[in-house]
Amino acid sequence: MSIQDIRAVPVTGPAMEVPMMPTAVQAGFPSPALDFVHESINLQEHLVYDPPATFIARVSGDSMVGAGISHGDQLLIHKGTRPRDGDVVIAVLDGQFTVKRLRLTGTGVRLEAANPEYPDIEVPELSELSIWGVAYMCLHGLR
Amino acid sequence: MSKHLLALVDVNSFYVSCERAFDPTLEGRPVLVLSNNDGCAVAMSAEAKELGITVGAPWFKLAPNAQRHGLVARSSNYELYGDMSHRFLQVIGEHSHEVEKYSIDEAFAGYGGPLQGAGPWAERIRRDIAERLSLPVGIGVGATKTLAKLANLAAKRVPGMRGVCVWDGLDAEYRDWVMSRLPVQQIWGVGPRSAKKLAAHGVTTAAALRDADAQFVRRLLGVTMMRTVLELRGQPCIQLEEEREFRDSLVFSRSFSTPVSTREIMAQVMASYAQRACTRLNSRSTEAKTLTAWAMTSQFNSAAEDSPSATLSLPAPTNDPVLLTRAAQALLPRMTEGTRYTKAGITLTDLSPRGAQPAFDLFAEPQQDKGIGPLLQQVREKSGTDAIGMGRGGMRTAAEWEMRREMMSPRYTTRWQEMLEVHAR
C-alpha cells in the first residue's frame with residue numbers, strides 16, 4: 001500500500017468555515033492580499049456529493065469487518081441512488097436498519113455479511129427489499 | 001406554447017413523516033407528535049386520524065389506551081424537522097429556479113415550459129423527494145398561487161391523482177365540478193369570518209367565489225379577497241416571494257413545563273435564552289441592534305393575565321452574549337412577582353450581517369470582539385447545549401422550567417452523538 005497524495009487539512013477551528021472574500025468593501029482600499037486568499041480544503045465539499053440526500057450513521061456490530069467496516073465506524077449514506085451489484089447498502093430488515101453487501105445474481109438478490117459468522121439472506125426480487133440508502137464511504141478512526 | 005405555472009409542494013403529515021424516515025417500525029402504525037411539554041397532539045399520521053384522534057387531543061387522555069391501539073407518540077423534535085425542511089427546499093431548488101418557502105413543510109416553485117411537461121415535472125419532484133428524503137409529498141400546479149393550493153387539495157383528496165394535480169391540465173368541466181363541491185372556506189386566504197360574510201351573500205363554494213363580482217367582493221371584504229377572486233380565475237395577483245437575504249428578526253422562545261413566578265428564576269431563564277438566541281445570531285453571521293425580552297401567562301388563565309416585555313436599543317449592532325445577556329435582564333422589573341408565567345422569549349430585531357455597520361458612524365462604539373459567542377457555540381456543539389453558559393445561564397443540570405420532551409427521537413441529522421444507528425449483525 002502506498003500513499004499517493006498528502007494534503008493539509010485544517011485541524012483547528014470549525015471545519016466548515018471557509019475564508020470568504022469580502023464582496024462589499026464599505027470603505028478604504030481593497031487589500032492586495034485578497035488576490036492570494038485560497039480556501040482551505042473543505043471536507044464537506046469533497047465527501048458529500050449530494051448534501052440534501054446524504055446522511056451519516058454509526059455502525060453497531062461486527063458483521064461487516066471483512067468489508068473494512070467495524071463496530072463504531074461512521075458510514076456516509078446516499079439516499080435515493082440506485083443500488084448496484086456489490087454496493088454496501090442499508091436495508092430495512094424486521095424494522096431495523098441493517099448493513100449488508102448487495103449481490104444481484106441471475107437467480108435473485110442476496111444480502112451478504114462480510115464475516116463468516118453471519119449468514120447471507122436470499123430474496124427473490126429487489127422490489128421485495130426495502131433499501132434505505134447506499135453507503136459510499138466509511139469513516140474508520142485509527143487512534 | 002410555454003406557460004408560467006406555480007407548484008405548491010407540501011409534505012404529508014410532515015412531523016410524522018420525518019419521524020418515519022428514520023424509524024421504519026413506525027410505518028403503517030398510528031403515530032402522534034406531541035406539542036411542547038408533551039401536552040397534546042400537534043400532528044398525526046392518517047392511521048391516527050382514523051382512530052378519531054384530532055389535533056389538540058391531550059396526551060394524558062390517550063396514553064392509557066395507546067398500547068391497545070398500537071399508538072406511538074413522539075415529543076416534537078424541532079431540530080430534526082427543521083433540518084429535513086431545509087433538505088426538502090434544497091431538493092425542490094434543484095427542479096426550479098424560483099422557490100418560495102411558505103412554511104416548514106410547504107413551498108411554492110415556479111415552472112416555465114409546455115403545459116404537457118408540468119405533470120411529469122411535478123411527478124419527478126414528488127419521486128425525488130420520496131427517494132432521497134423518504135418524505136411523501138403532494139403537489140398542486142396552477143397558474144396562480146391560489147389555484148396551486150387548490151390543486152394541491154385535489155391531489156390529496158381525489159384518489160386517482162396519486163399526489164400530483166395540474167389544474168390547467170384538467171378539462172374545464174371537471175374543474176367546474178371540483179370547484180362547485182369545494183367549500184369556500186377551504187380556499188387559501190379565506191378565513192372562517194370571511195366565509196361567513198360570503199355565505200350571507202350566497203357564496204359558499206369555490207366556484208361561486210370565482211364567479212362573484214370582483215368589485216362587490218372588494219367592497220365586502222377588501223382588496224385581498226378581490227385578489228383571491230381574480231386568482232381563482234387564473235389571473236396571478238400574489239407574487240412569488242423569494243427568500244430575502246437577511247431575515248430581519250430572530251426569536252428564541254419556549255414554554256415552561258412548570259410556570260415561573262419569581263424574578264430569581266426568570267433571571268436564569270433570560271440568561272439562558274439570551275445565550276441561545278446569541279448562538280443563532282452567530283450561526284447566521286448576523287448582529288442585532290434591538291432586543292426584546294418578554295414573558296406571558298397562559299391564555300387559559302384570564303384571571304391573572306400578564307404579558308410584560310422590555311425592548312432595548314443596543315448602542316451598536318452586536319452578537320456579544322455578555323451584552324445581550326445583560327440586556328435581557330431588563331424584563332425583570334416589568335414582571336409581577338407571584339404571577340405564573342408559562343412562556344418567555346427573546347426577540348432580536350434590526351438584524352444586519354456581521355461587521356456591516358456603516359464605516360463613518362462615529363457614535364457607534366465598535367464592539368470588542370472577544371470571540372465569546374463562537375466559543376460558547378463550539379463547546380455546545382461538542383458537549384451539548386447545557387455544557388456551558390454565562391452567569392445564571394450556566395446551570396449544569398436542566399432546570400425545572402425546561403421543556404419536557406420525554407419521548408423525543410434522536411436528533412439524527414443535527415447532533416453527532418445522536419446520529420442514526422445501523423446494525424451489522
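Atom set for the values below is all heavy atoms of this structure, side chains included, hydrogens, waters and symmetry mates excluded. Naming convention: chains lettered A, B, ... in sequence-line order (proteins, then strands); numbering from 1 in each chain. Everything quoted here is computed from the prediction, not taken from an experiment.
- Nearest approach of A:Ser63 to B:Ala424, heavy atoms of both residues: OG-C, 2.8 Å.
- Within the 4.5 angstrom heavy-atom criterion, no atom of A:Ile69 approaches chain B.
- Only the side chain of A:Gln74 comes within contact range of chain B, with heavy atoms under 4.5 Å apart.
- For B:Phe22 and A:Phe97, the ring centers are positioned 6.0 Å apart or more.
- For the pair B:Arg87 and A:Phe55, the cation-pi test (distance below 6.0 Å, angle within 45°) is passed.
- Interface check for chain A: of the options B:Trp416, B:Phe88, B:Tyr412, the most heavy-atom pairs under 4.5 Å are formed by B:Trp416.
- Counting heavy-atom pairs closer than 4.5 Å to chain B, the top-ranked of the candidates A:Asp62, A:Asp50, A:Asn115 is A:Asp50.
- Contacts of A:Thr54 with chain B are made by backbone atoms alone, with heavy-atom separations under 4.5 Å and no side-chain atom involved.
- For B:Glu94, the part sitting under 4.5 Å from any heavy atom of chain A is the side chain, from C-beta outward, and nothing else.
- The candidate with the highest count of non-hydrogen atom pairs below 4.5 Å against chain A, out of B:Gln90, B:Glu131, B:Arg132, is B:Arg132.
- Interface residue B:Ala21: only backbone heavy atoms are found under 4.5 Å from chain A.
- Contacts with chain A were tallied for B:Glu27, B:Met419, B:Met84; B:Met419 has the most, counting heavy-atom pairs under 4.5 Å.
- Proximity to chain B is limited to the side chain of A:Ile90, based on heavy atoms less than 4.5 angstrom apart.
- Going from atom CZ of A:Arg58 over to atom CD of B:Glu418 covers 10.0 Å, rounded to the nearest 0.5 Å.
- Heavy-atom pairs under 4.5 Å with chain A were tallied for B:Glu421, B:Arg425, B:His86, B:Arg127; the largest tally goes to B:Arg425.
- Nearest approach of B:Val91 to A:Pro52, heavy atoms of both residues: CG2-CB, 3.8 Å.
- Ranked by non-hydrogen atom pairs under 4.5 Å with chain A, the options B:Leu420, B:Leu133, B:Asp23, B:Thr413 are led by B:Leu420.
- Heavy atoms of A:Val59 lying under 4.5 Å from chain B belong to its backbone as well as its side chain.
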